[in-house]
Number of protein chains: 2
Amino acid sequence: MSDIKTQALACREASLTLAQLSSADKAALLEAMASALETQQDAILSANEQDLQAAREKDIGSAMLDRLMLNPERIAGIAAALREVAALPDPVGQVTRSDTRPNGIQVSKVRVPLGVIAMIYEARPNVTADAAALCIKAGNGVILRGGSEAIHSNTAIAQALQGALRQAGIPEAALTLVTDLRRQTMLELLQLSDIVDLAIPRGGEGLIRFVAEHARVPVIKHYKGVCHLFVDASADLDLALKLLIDGKVSRPSACNSLETLLVHQDIAPVFLPLAARALLARGVELRGDEATRRLVAEAKPASDEDYAAEFLDLILAVRVVPDLAEAIAHIRHYGSDHTEVIATGDEANATAFVAALRAAVVMVNASSRFSDGGELGLGAEIGISTTRLHSYGPMGLEALTVERFVVHGQGQTRVPIRVD
Amino acid sequence: MSDIKTQALACREASLTLAQLSSADKAALLEAMASALETQQDAILSANEQDLQAAREKDIGSAMLDRLMLNPERIAGIAAALREVAALPDPVGQVTRSDTRPNGIQVSKVRVPLGVIAMIYEARPNVTADAAALCIKAGNGVILRGGSEAIHSNTAIAQALQGALRQAGIPEAALTLVTDLRRQTMLELLQLSDIVDLAIPRGGEGLIRFVAEHARVPVIKHYKGVCHLFVDASADLDLALKLLIDGKVSRPSACNSLETLLVHQDIAPVFLPLAARALLARGVELRGDEATRRLVAEAKPASDEDYAAEFLDLILAVRVVPDLAEAIAHIRHYGSDHTEVIATGDEANATAFVAALRAAVVMVNASSRFSDGGELGLGAEIGISTTRLHSYGPMGLEALTVERFVVHGQGQTRVPIRVD
């Protein structure tokens with residue numbers, strides 16, 4: 001048996017112990033994990049220094065270096081996040097339905113852990129702790145396969161967390177860090193459909209497509225967010241402007257930021273000059289259709305690719321549309337089913353917009369930037385799914401569980417049985 | 001573009017219309033579909049006769065012929081099933097959660113259709129109507145790829161159902177029957193991950209493994225049911241005997257039938273002779289371990305394969321176990337996560353049994369044969385999932401939907417925005 005299969009089987013075996021822990025035990029375990037990160041801060045920082053050293057030699061760029069870098073404040077932040085997860089309500093054991101059938105059997109649907117979750121991610125070492133905490137809180141074993149850039153940091157963090165598992169009497173394999181980073185080994189992990197219940201890739205589109213392409217285990221994926229704001233003719237101008245600025249400028253690199261603005265032609269002559277002034281003052285480049293460019297001299301011409309792009313930058317595609325139907329048609333064509341926003345004063349148009357779109361999150365008069373597990377009340381977020389199965393949109397702890405049936409009877413049978 | 005991709009895109013486009021139908025419209029549509037099957041009974045029966053003729057020439061066996069065969073009663077039964085689905089509560093639009101966040105945004109989770117579902121199945125022509133009805137009731141487009149043995153029957157049934165769609169003003173592509181039955185075309189369908197939201201294979205293990213192996217779209221699968229009954233030391237003898245007989249004899253070919261009996265050693269000397277007498281009288285062959293064979297002279301020796309087998313026949317594997325823990329260990333090793341049953345008078349043992357097992361359905365003092373969508377109160381069943389994601393166990397209409405987020409605000413932004 002290959003090493004990775006042996007590791008995955010051990011994780012699955014350990015997950016059976018995790019699945020039966022009480023909520024209090026899991027909370028205490030996560031508290032202990034947070035403390036372990038703090039007490040082993042020096043070891044983690046020196047491991048991180050090794051990663052940073054290697055990264056500097058490879059000249060990987062400052063954004064990547066920043067993602068990789070740990071310091072005492074960041075470790076404190078990771079520990080605090082673990083304590084927040086510890087304090088969240090436990091989804092496991094929740095009874096989501098219960099009724100008694102005419103024959104007297106009592107049927108309940110009860111949340112149970114998924115089993116074993118493989119997280120495939122890139123350079124951020126905080127994911128090692130965050131993802132492990134969420135998976136374990138929901139009673140799952142977790143197999144962590146991070147990027148090679150962070151291997152020393154990830155190893156040090158995993159060792160701290162495993163120490164807490166060991167002290168709680170839980171097999172360390174419940175949290176398994178893959179240190180054999182060959183692509184072939186990842187492929188093998190993604191084929192273990194009898195052992196791994198779910199793979200969650202987190203990172204760039206290349207990584208996610210690679211995982212989706214090669215996995216035989218179920219994958220929940222999030223490709224990209226091409227989020228639109230449609231400003232309806234009846235929109236309040238100030239409200240629409242606020243949603244636009246927040247959506248484009250507050251964090252352009254986030255997947256829930258706006259990439260395209262659609263404006264109803266009746267309000268465009270008033271709204272677009274205001275919007276352009278506010279955005280240009282904030283350093284945003286505008287790329288518009290002809291109607292936009294007639295109203296906004298500074299706008300460059302928009303290409304078809306611009307309307308399909310996830311800029312993740314201070315760039316906004318703009319289009320004037322004749323009506324709500326054309327806005328919907330545009331979003332259906334170019335959208336990524338992530339988050340769509342309408343600014344409107346018309347209840348019927350809001351309802352039509354929500355009903356017509358398939359997106360995981362649809363906002364009426366609220367910023368696209370609320371499309372986030374924390375902001376939507378999930379407590380914490382393991383990822384955002386644009387897969388229309390199991391979980392759609394921001395995923396919290398509940399998304400790491402599944403409902404199963406538990407039936408209590410008093411000897412009921414499907415057909416009458418006479419015992420001789 | 002290939003034909004199958006063109007068809008799938010048309011189905012997806014049509015699914016947007018289906019997704020927005022009211023509950024009343026969908027109910028009326030399904031009623032019309034039921035009537036269309038009845039009024040086009042002659043055409044369906046003569047198409048079925050073509051399939052039967054071809055099947056007889058191929059000498060496919062009487063069980064297969066029976067599955068393939070339609071007659072007026074069976075068509076009436078299919079129409080009645082469609083009317084039952086019409087009358088079920090509509091899951092689409094159900095609000096499963098709603099709360100107001102501290103910043104005033106109102107967050108709801110709302111059920112929406114999955115989108116486009118591909119059903120891959122074998123010889124039973126009734127699946128064409130049953131699966132289509134359930135998918136459409138939940139607002140989904142459906143692509144049906146049945147077996148070649150039933151191609152004429154399936155085509156006639158699909159044409160009747162499409163007539164009802166047409167009369168309701170819905171594009172026929174909402175229900176697409178694949179008539180190009182080349183394996184290559186099915187493979188292509190299973191790769192359309194940007195168009196097809198879910199594939200559900202229904203049929204033998206070979207078909208299911210083929211689909212799971214080659215799909216790039218998400219697959220919900222059900223391999224097999226190796227269901228166990230554990231008779232605890234504290235079990236009521238009569239009750240345990242009834243569950244055993246119902247589970248093994250009432251329909252041996254069903255996946256929720258029992259394949260293995262585990263008996264606590266303290267009750268085995270009393271229970272096993274009773275059980276053996278009742279089962280032998282009903283034609284069941286027993287295959288047991290040594291302890292069983294000491295108590296039941298008629299039992300043949302059981303091999304390791306017998307404990308892993310889904311007999312789907314009047315054969316039962318039997319083992320005497322020293323305690324609950326060993327019963328759990330046996331089921332964890334040999335079980336298929338389908339349905340597991342405990343007969344016990346001890347509440348603590350029942351709780352431990354339920355908690356320790358991963359199975360989709362766990363029964364306490366009730367027959368494994370209740371592991372069925374209708375019996376568990378789902379109204380109808382599209383399949384049984386042993387995939388631990390999205391839906392686990394019998395799947396009803398809800399399993400053909402997903403929850404998404406709808407947010408209503410009054411201009412809230414993630415960061416404070418000052419409009420100039």
Side-chain angles (χ1 to χ4, degrees), chain A residues 16 20 99 101 105 107 112 114-115 193 197-198 212-213 216 218 236 238-239 241-243 245-246 250 277-278 281 354-356 358-367 369-370 375-377 387-390 392-394 402-415 417 419-420, chain B residues 20 99 101 105 107 112 114-115 193 197-198 212-213 216 218 236 238-239 241-243 245-246 250 277-278 281 332 354-356 358-367 369-370 375-377 387-390 392-394 402-415 417 419-420:
Chain A
L16 298 173
Q20 294 187 69
D99 71 314
R101 305 293 307 153
I105 61 171
V107 178
V112 290
L114 291 178
S193 55
D197 295 284
L198 174 65
E213 191 69 23
R216 286 283 169 284
D236 179 280
D238 262 21
L239 181 152
L241 210 48
K242 282 186 185 174
L243 299 188
I245 298 168
D246 190 53
S250 65
R277 200 178 58 184
V354 171
R358 282 169 50 104
V361 186
V362 186
M363 306 274 183
V364 177
N365 294 329
S367 171
R369 298 274 294 111
F370 290 123
E375 296 293 328
L376 294 176
T387 308
R388 242 173 130 74
L389 198 78
H390 184 69
Y392 194 35
V402 68
E403 295 169 43
R404 69 155 174 183
F405 292 91
V406 177
V407 177
H408 285 83
Q410 301 82 34
Q412 286 89 340
T413 54
R414 183 89 176 252
V415 302
I417 304 290
V419 178
D420 318 316
Chain B
Q20 295 187 67
D99 72 313
R101 305 292 308 153
I105 61 172
V107 179
V112 290
L114 290 177
S193 55
D197 295 284
L198 174 65
E213 191 68 24
R216 287 283 170 281
D236 179 280
D238 261 20
L239 181 152
L241 210 47
K242 282 185 185 175
L243 299 189
I245 298 167
D246 191 52
S250 64
R277 200 180 57 183
R332 281 185 176 176
V354 171
R358 283 169 50 104
V361 185
V362 187
M363 306 274 184
V364 177
N365 294 330
S367 172
R369 298 273 295 111
F370 291 122
E375 295 294 328
L376 294 176
T387 309
R388 245 172 126 75
L389 199 76
H390 184 69
Y392 193 37
V402 68
E403 295 169 42
R404 69 153 174 186
F405 293 91
V406 177
V407 177
H408 285 83
Q410 301 82 35
Q412 286 89 341
T413 54
R414 183 89 176 253
V415 302
I417 303 290
V419 178
D420 317 319

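Within every chain, numbering begins at 1; the chains are lettered A, B, ... in the order of the sequence lines, protein sequences first and strands thereafter.
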Heavy-atom distances under 4.5 Å only: say whether V362(B) touches chain A with side chain, backbone, both or neither. both

Contact class of T387(A) relative to chain B, heavy atoms under 4.5 angstrom: side chain

Measuring heavy-atom distances to chain B, does L198(A) have an atom under 4.5 Å in its side chain, in its backbone, in both, or in neither? side chain

Between V402(A) and chain B, with a heavy-atom cut-off of 4.5 Å, which part of the residue counts as in contact: side chain, backbone, both or neither? side chain

Greatest number of non-hydrogen atom pairs under 4.5 angstrom with chain A, of M363(B), R101(B), E403(B), Q410(B), falls to R101(B)

Looking only at heavy atoms and a cut-off of under 4.5 Å, which of A355(B), S193(B), G115(B), G393(B) has the most pairs with chain A? A355(B)

Who among L239(A), D99(A), L16(A) has the most heavy-atom pairs with chain B under 4.5 Å? L16(A)

Heavy-atom distances under 4.5 Å only: say whether V354(A) touches chain B with side chain, backbone, both or neither. both

Any idea which of D238(B), V407(B), D236(B) has the most non-hydrogen atom pairs under 4.5 angstrom with chain A? V407(B)

Counting N and O atoms only, with roles assigned by atom type, does the side chain of R404(A) sit under 3.5 Å from a partner on the main chain of A359(B), one being a donor and the other an acceptor? yes

Going through the distances and angles, do T413(A) and R369(B) end up as a side chain to side chain contact (heavy atoms under 4.5 Å, CB included)? CA-CA 7 Å; T413(A) 54; R369(B) 298 273 295 111; over 6 Å; no

Would the distance check show the side chain of N365(B) and the main-chain N or O of G411(A) forming a donor-acceptor pair, the cut-off being under 3.5 Å? no

Less than 4.5 Å to any heavy atom of chain B: does that hold for the side chain of Q20(A), its backbone, both, or neither? side chain

Output the distance between atom OG (S367(A)) and atom CD1 (I105(B)), rounded to the nearest 0.5 Å. 9.0 Å

Report yes if the side chains of V107(A) and E375(B) come closer than 4.5 Å at any heavy-atom pair, otherwise no. no

I would like to know whether R388(B) and V112(A) meet side chain to side chain contact (heavy atoms under 4.5 Å, CB included); could you show each step before the answer? CA-CA 10 Å; R388(B) 245 172 126 75; V112(A) 290; 3.9 Å; yes

Can you tell me how far the CG atom of L389(A) sits from the NE2 atom of H390(B), to the nearest 0.5 Å? 4.5 Å

Under 4.5 Å heavy-atom distance to chain A, tell me which part of A360(B) shows up: side chain, backbone, both or neither. backbone

Could you state the interatomic distance from CZ (R414(B)) to CZ (F370(A)), rounded to the nearest 0.5 Å? 7.5 Å

Main chain of E213(A), side chain of R216(B): is a donor-acceptor contact present, judged purely on distance under 3.5 Å? yes

Could you look at A212(A) and say if it's the side chain, the backbone, both or neither that has a heavy atom under 4.5 Å from chain B? backbone

Considering only heavy atoms, which portion of R358(B) lies under 4.5 Å from any heavy atom of chain A: side chain, backbone, both, or neither? both

